[in-house]
Amino acid sequence: MSLASKYDSKTTEEKWYNYWIENDFFTSIPDERESYTIVIPPPNVTGVLHMGHMLNNTIQDVLIRRARLKGYNACWVPGTDHASIATEAKVVKKLKDQGIDKNDLTREEFLQHAWDWTDEYGGIILEQLKKLGASCDWSRTKFTLDDDMSASVIKVFIDLYNKGLIYRGYRMVNWDPEAKTTLSDEEVIYEERNGHLYHLKYQLKGSEDFVSIATTRPETILGDTAICVHPDDERYTSLVGKTVIVPIVNREIPVIADPYVDMEFGTGALKITPAHDENDKIIGETHHLEVIDIFNEDATLNSFGLHYEGKDRFVVRKEISKELEDRGFLIKKEDHVHKVGTSERTNAVIEPRLSDQWFLKMDELAKPAIKAVKEDIVELLPPKFKSTYFHWMENVRDWNISRQLMWGQRIPAYYYGDGKDDFVVATSLDEAVALSRKRTNNNNLLPEDLRQENDVLDTWFSSWLWPISVFNGILEPENEEINYYYPTRDLVTGPDILFFWVARMIVAGYELRGERPFDKVYLTGLVRDKQRRKMSKSLGNSPDALNLLEEYGADGVRVGLLLSAAAGNDIMFDEDLCQQGKGFVNKMWNAFRLIKGWQVDKSLEQPQHAAQGIAWYTSRFNQVLSEIEDHYSKYRISDVLMTSYKLIYDDFCGWLLEIIKPEYQQPIDPKTLAEVIALLEDNMRLMHPFTPFITEEIWQSISNRKVEEALCINTWPEGGTSDQTVLTDFELVQEVISGIRTVRKEKQIAFKNQIELKAINNEDLDTKYNSLIQKMGNVISVEIISEQVAGAASYRVRSNEYFIPLEGNMDVAAELEKLEAELKRAKGFLIGVQKKLSNERFVGSAPEQVVAIEKKKEADTLAKIETIEASMKALK
RNA sequence: GGGCGCAUAGCUCAGUUGGUUCAGAGCACUUGGUUUACACCCAAGGGGUCGGGGGUUCGAAUCCCUCUGCGCCCA
């Protein structure tokens with residue numbers, strides 16, 4: 001036999017992945033079978049595989065491979081996302097490194113660079129997923145900027161616009177001064193920062209008196225247009241309606257009253273800068289205040305900044321506070337911790353900014369999506385995410401869908417004039433010309449008179465269509481594929497994009513197809529390191545995904561990742577888990593190696609213990625299979641794995657193989673061999689979703705298989721009934737054997753030394769198991785007796801008592817001590833049970849069944865006490 | 001500031017409707033074994049006041065209240 005004792009994952013994995021691909025096992029085309037569809041959460045096109053990807057793609061692969069075995073037409077659609085802001089930022093940086101400024105390029109030139117970048121790095125991540133074993137239908141690979149995908153996005157934009165759901169508004173938006181674009185609320189990360197609270201004084205017009213206000217942003221006084229106090233604040237009642245003078249600027253502004261002001265905070269007087277604060281803007285609107293925007297788009301000051309014009313906001317903050325101090329306007333400066341919005345992508349501090357943006361009305365759209373989750377038509381797993389989802393969806397704000405970027409779908413709005421509403425929305429320039437002519441009654445309008453909107457759409461405005469658009473369900477809503485594959489089954493993703501993406505897909509599903517996009521949303525946890533830190537590049541605590549695959553093999557890594565990955569819980573990733581996974585794969589390999597190595601002697605009959613072992617494992621397998629089905633139905637994937645792991649490690653390898661294993665270098669009988677191979681095959685079917693490579697390797701090594709017999713496209717184990725008597729008997733047998741091992745250890749009897757076993761068989765355990773016990777315990781004979789044996793080590797299994805006669809002197813005192821302890825424990829337990837039973841209220845109110853159990857416990861314990869006492873007497 | 005969640009063995013976590021097998025699993029640990037399936041092995045063993053306090057109940061890890069400590073989301 002030439003099989004290596006250590007399993008070599010490298011060559012095997014490549015071999016079988018190629019085999020699956022060559023034979024189109026992952027390719028799906030609609031047929032008469034039921035479909036089982038998963039769409040991948042498209043990773044950033046230029047990204048590389050990290051731990052999070054490995055985790056959620058492994059889960060998807062487990063689900064899809066199992067569906068394939070179960071006979072569904074399994075279809076897992078892969079693809080990538082153009083990730084507008086992230087990708088654009090990378091391209092801008094690369095150009096900068098080459099000395100090229102993005103602003104010197106035309107749109108077309110910049111996009112050419114972006115496509116070059118995409119062509120160079122795009123799709124690397126998909127190749128990495130193949131190494132992990134992902135069984136995606138690669139022929140369906142999509143990219144959110146593919147022509148048809150973009151056409152879908154544009155069509156949806158136009159349809160929603162025509163429905164009146166998309167509008168253009170002058171709103172306060174989150175402005176990233178570094179990327180020079182707006183961000184959606186979800187892309188802003190709030191961080192605690194140490195800053196200062198500046199107390200400033202504003203002189204009352206025509207008086208020597210001052211009003212003092214507190215602000216964290218002194219530079220914004222340049223845009224102040226009012227001072228606001230609470231109407232109930234008696235300190236300021238007399239000031240309302242008067243005029244104060246803004247320091248440095250010398251602008252005259254009114255003192256107004258509004259209940260928004262928090263009387264407790266600062267001085268109770270608030271300066272109002274409508275251009276630079278969301279709440280100030282609202283107050284400004286209520287009181288018809290002037291709006292003065294003091295910033296340029298890169299957050300340097302504009303002409304309203306006076307002598308600070310051209311300087312950065314943070315520089316100005318320092319300088320102006322100095323000037324205010326020098327000129328006597330600064331009363332005091334306190335340390336102050338406050339939350340600051342930062343850009344998820346560039347880390348720049350977000351500047352609230354008023355600008356013209358495109359919005360999608362969300363409140364009506366959200367309703368069916370809320371209902372779907374409420375009624376579990378779309379089920380969130382684990383369900384704890386539901387309340388978060390409702391909270392967000394019920395307070396949803398209109399979605400700012402425009403971005404001041406180039407890398408993405410350009411908004412199909414065309415301006416024909418300078419007025420805010422002088423635009424039409426159209427699929428093409430020609431159509432826009434026609435529409436504009438109609439709108440303006442000006443038939444002389446030419447294409448060159450129109451100017452297309454420069455903004456592109458938010459990336460999520462393409463990915464929210466993903467489950468529909470990958471099947472071309474937007475452009476051809478009744479095509480065969482969309483009708484066959486949609487709705488999809490499972491979506492596996494992280495909770496961090498529950499709102500960005502998941503919620504919006506549900507919205508899109510109902511709005512565009514009147515149907516949920518998927519049945520289940522499996523939310524994985526974040527992958528953290530052992531110290532609970534998030535994995536990040538800057539910490540350098542993220543293991544290189546490809547190195548892991550290299551070192552532990554894809555199967556090992558998959559097992560390692562899923563061992564402790566209950567849905568929704570963060571997983572503390574520890575490389576030791578991959579080691580455990582690798583060890584498990586090796587275990588399966590060696591189990592196979594053992595079986596493969598047996599020589600058959602056709603003349604041999606099947607020994608009784610082998611028949612018993614096979615019968616037991618068959619029942620055990622079926623029992624565990626139904627547990628596994630139950631776990632799967634609840635999407636408890638790590639429980640499925642752990643249950644399967646124990647079945648194979650303990651039951652199959654630890655017990656069955658040891659039972660049927662012939663003596664060293666002896667042949668095996670043909671019946672046992674055939675049966676154990678069939679059981680091994682079932683094990684391989686069961687494990688295939690988790691460890692596709694090793695199972696295929698073993699499967700194909702058991703015998704020569706035709707292409708259509710490959711495990712990858714084989715069937716899930718059918719299962720069957722399990723014989724309860726066999727299972728119960730065997731449990732007892734296992735305890736008996738375990739007892740022998742304990743005694744051997746305590747008495748230091750080496751396993752190679754045979755022993756005798758005598759049993760008082762109160763449980764009436766069938767004596768047909770004696771040969772099995774003999775084999776597993778290296779027992780020379782099992783004798784049923786009726787009296788305690790003196791000079792023997794003893795142990796009890798339920799009411800049965802076992803004796804192992806000891807040669808030579810035995811330590812009577814130690815044995816007595818052991819029995820004493822056992823007796824004490826039993827008596828204590830008995831007292832508890834009897835106390836319960838003597839409690840009339842317990843007997844009266846507990847269900848009959850529960851009382852019966854307690855009574856049985858009492859009887860069993862009494863019997864046990866009796867045997868222990870008898871043993872002690874025999875020893876003395 | 002608003003919302004959601006968590007706390008069980010050294011670590012990571014199960015524990016579903018309050019009641020059998022309720023105090024469990026895996027890893028780690030300790031001890032012992034190793035005439036070839038596998039030291040990536042086998043066996044046995046120790047280890048927890050179920051975060052603290054109070055309540056409901058015949059009975060609470062489980063339900064309720066409260067305190068403490070953490071985490072996440074949103075503003």
Side-chain angles (χ1 to χ4, degrees), chain A residues 1 3-7 185-186 188-190 262 265 278-279 339 341 382-392 394-395 397 495-496 498-499 525-526 528 530 532 534 552-553 556 560 563-566 568-574 576-598 630-631 634 636 638-639 641-643 645-646 649-650 653-654 657-658 661 663-665 731 737-746 748-752 776 835-847 849-857 860:
Chain A
M1 193 181 72
L3 294 174
S5 73
K6 286 184 186 175
Y7 169 68
D185 294 336
E186 291 74 22
V188 177
I189 297 164
Y190 289 86
D262 177 359
F265 185 80
E278 174 86 63
N279 295 306
K339 296 246 174 134
K384 70 177 175 187
F385 287 108
K386 278 166 134 183
S387 36
T388 320
Y389 175 88
F390 293 135
H391 189 253
W392 190 78
E394 281 159 7
N395 299 290
R397 307 208 295 183
D496 47 334
L498 183 59
F499 306 132
L526 291 172
R528 294 169 177 277
K530 261 195 213 172
R532 280 192 181 273
K534 277 187 193 177
Y552 300 101
L563 271 175
S564 80
N569 284 345
D570 286 357
I571 82 164
M572 302 316 135
F573 182 75
D574 184 343
D576 289 352
L577 289 170
C578 290
Q579 187 57 53
Q580 196 185 337
K582 187 179 175 184
F584 178 53
V585 168
N586 194 54
K587 184 77 180 174
M588 287 195 276
W589 175 246
N590 274 290
F592 163 68
R593 215 161 61 90
L594 174 68
I595 295 169
K596 184 81 176 171
W598 285 331
D630 185 53
H631 286 317
K634 291 168 182 154
R636 294 162 158 261
S638 47
D639 286 339
L641 175 58
M642 188 46 80
T643 310
Y645 180 97
K646 285 193 276 189
Y649 223 115
D650 300 338
C653 297
L657 292 185
E658 293 302 330
K661 194 199 246 176
E663 295 291 315
Y664 180 52
Q665 288 188 333
E731 251 174 60
I737 293 162
S738 203
I740 294 169
R741 288 169 178 165
T742 314
V743 170
R744 278 182 181 278
K745 167 139 173 136
E746 276 171 2
Q748 305 203 321
I749 305 166
F751 186 79
K752 58 186 169 191
M776 295 298 285
K835 204 170 157 190
K836 223 176 196 181
L837 282 169
S838 60
N839 182 342
E840 280 172 34
R841 296 214 282 173
F842 169 72
V843 181
S845 28
Q849 195 192 349
V850 176
V851 179
I853 287 159
E854 292 301 315
K855 284 197 171 145
K856 180 161 192 318
K857 273 196 219 166
D860 287 352

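- Take the nearest nucleotide of RNA chain B for A/His631 and for A/Phe751: the residue whose nucleotide is more 5' is A/His631.
- Residue A/Arg636 has a polar side-chain atom (N or O) positioned under 4.0 Å from OP1 or OP2 of B/G15.
- What you find for A/Cys653 and A/Lys587 is that their closest heavy atoms are CB-CE, 3.6 Å.
- One can place NZ of A/Lys745 at 11 Å from C1' of B/G46, the figure rounded to the nearest angstrom.
- Considering only side-chain N and O atoms, A/Ser738 lies under 4.0 angstrom from the phosphate OP1 or OP2 of B/A44.
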* Can you list the steps and then say if A/Met776 with A/Arg741 is a side-chain contact (heavy atoms from CB on, under 4.5 Å)? -> CA-CA 10 Å; A/Met776 295 298 285; A/Arg741 288 169 178 165; 4.1 Å; yes
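- Here B/G33 presents its C1' atom at 16 Å from CD1 of A/Ile740, a figure rounded to the nearest Å.
- Among the duplex regions that RNA chain B forms, those built from at least three successive Watson-Crick or G-U pairs under 3.5 Å are B:1-7 with B:68-74, B:10-13 with B:24-27, B:29-33 with B:41-45, B:51-55 with B:63-67, ordered by first number.
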* When you look at A/Lys661 and A/Trp598, which way does the side-chain contact (heavy atoms from CB on, under 4.5 Å) test go after all the steps? -> CA-CA 9 Å; A/Lys661 194 199 246 176; A/Trp598 285 331; 4.0 Å; yes
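- Distance noted for atom C1' between B/C29 and B/C70: 27 Å (whole Å).
- The CZ atom of A/Arg744 sits 5.5 Å away from the CZ atom of A/Phe751 when rounded to the nearest 0.5 Å.
- Taking CE of A/Met588 as the reference point, atom OH of A/Tyr649 lies at 10.5 Å (rounded to 0.5 Å).
- The P atoms of B/U17 and B/C64 are separated by 13 Å, rounded to the nearest whole Å.
- Between A/Ile749 atom CD1 and B/G32 atom C1' there is a gap of 13 Å when expressed in whole angstrom units.
- When all heavy atoms of A/Leu563 and A/Leu641 are compared, the closest pair comes out as N-CD2, 3.8 Å.
- Using atom P as the reference point in both B/A9 and B/G52, the two lie 11 Å apart (nearest Å).
- Here the CD atom belonging to A/Gln580 is positioned 12.0 Å from the OH atom belonging to A/Tyr552, to the nearest 0.5 angstrom.
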* To do: Kindly determine whether A/Leu594 and A/Asn590 satisfy side-chain contact (heavy atoms from CB on, under 4.5 Å), including the steps that lead there.
  => CA-CA 6 Å; A/Leu594 174 68; A/Asn590 274 290; over 6 Å; no
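- Between A/Tyr7 and A/Tyr645, the residue whose closest nucleotide on RNA chain B is further toward the 5' end is A/Tyr645.
- A/Trp589 approaches A/Ala4 most closely through the heavy-atom pair NE1-O, 2.7 Å.
- For the pair A/Thr643 and A/Asp639, the tightest heavy-atom approach, listed with the atom from each and the gap, is OG1-O, 2.6 Å.
- Across the C1' atoms, B/G10 and B/A28 are found 7 Å apart, a figure rounded to whole Å.
- Straight-line distance between the C1' atoms of B/U49 and B/U21: roughly 23 Å, to the nearest whole Å.
- A distance-only check finds a donor-acceptor pair linking the side chain of A/Asn395 to the backbone of A/His391 [under 3.5 Å].
- Nucleotide B/C74 holds its P atom 7 Å from the CZ atom of A/Phe499, rounded to whole Å.
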Using the 3.5 Å cut-off, write out each protein N or O paired with an N or O of nucleotides 35-38 of chain B and the distance between them.
| unit_1 | atom_1 | unit_2 | atom_2 | d |
| --- | --- | --- | --- | --- |
| B/A37 | O3' | A/Arg593 | NH2 | 3.3 |
| B/A37 | O2' | A/Asn590 | OD1 | 2.7 |
| B/A37 | O2' | A/Arg593 | NE | 3.3 |
| B/A37 | O2' | A/Arg593 | NH2 | 2.3 |
| B/A37 | N6 | A/Cys653 | O | 3.4 |
| B/A37 | N6 | A/Glu658 | OE2 | 3.1 |
| B/A37 | N3 | A/Asn590 | O | 2.9 |
| B/A37 | N3 | A/Ala591 | N | 3.3 |
| B/C38 | O4' | A/Asn590 | OD1 | 3.0 |
| B/C38 | O4' | A/Asn590 | ND2 | 3.4 |
| B/C38 | O2' | A/Asn586 | ND2 | 3.4 |
| B/C38 | O2 | A/Lys587 | NZ | 2.9 |
| B/C38 | N3 | A/Lys587 | NZ | 3.0 |

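- To the nearest whole angstrom, the two C1' atoms, one in B/C65 and one in B/G19, are 24 Å apart.
- The aromatic rings of A/Phe584 and A/Tyr645 are tilted relative to each other, their planes meeting at an angle between 30° and 60°.
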I'd like a table of atom pairs between the protein and nucleotides 18-25 of chain B - only N or O on both sides, under 3.5 Å - with the distance next to each one.
| unit_1 | atom_1 | unit_2 | atom_2 | d |
| --- | --- | --- | --- | --- |
| B/A25 | O2' | A/Lys646 | NZ | 3.1 |

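- To the nearest angstrom, C1' of B/C42 lies 14 Å from CD1 of A/Ile737.
- As rounded to whole Å, 12 Å separates atom C1' of B/C73 from atom NZ of A/Lys384.
- Between the NZ atom of A/Lys386 and the P atom of B/G5 there is a distance of 12 Å, given to the nearest Å.
- Across B/U31 and B/A37, the matching C1' atoms stand 25 Å from one another, rounded to whole Å.
- Between the P atom of B/C40 and the CG atom of A/Leu577 lies a distance of 18 Å, rounded to the nearest Å.
- The side chain of A/Asp639 has B/A14 as its nearest neighbour among B/C27, B/A14, B/C4.
- The side chain of A/Arg841 approaches B/C58 more closely than any other nucleotide in the set B/G26, B/C58, B/C4.
- For B/U30 and B/G46, the C1' atoms lie 7 Å apart once the distance is rounded to whole Å.
- Here the closest heavy-atom approach between residue A/Val851 and residue A/Phe842 is recorded as CG2-CE2, 4.2 Å.
- Distances were taken from every side-chain heavy atom of A/His391 (C-beta onward) to each of B/A75, B/G3, B/A14; the shortest belongs to B/G3.
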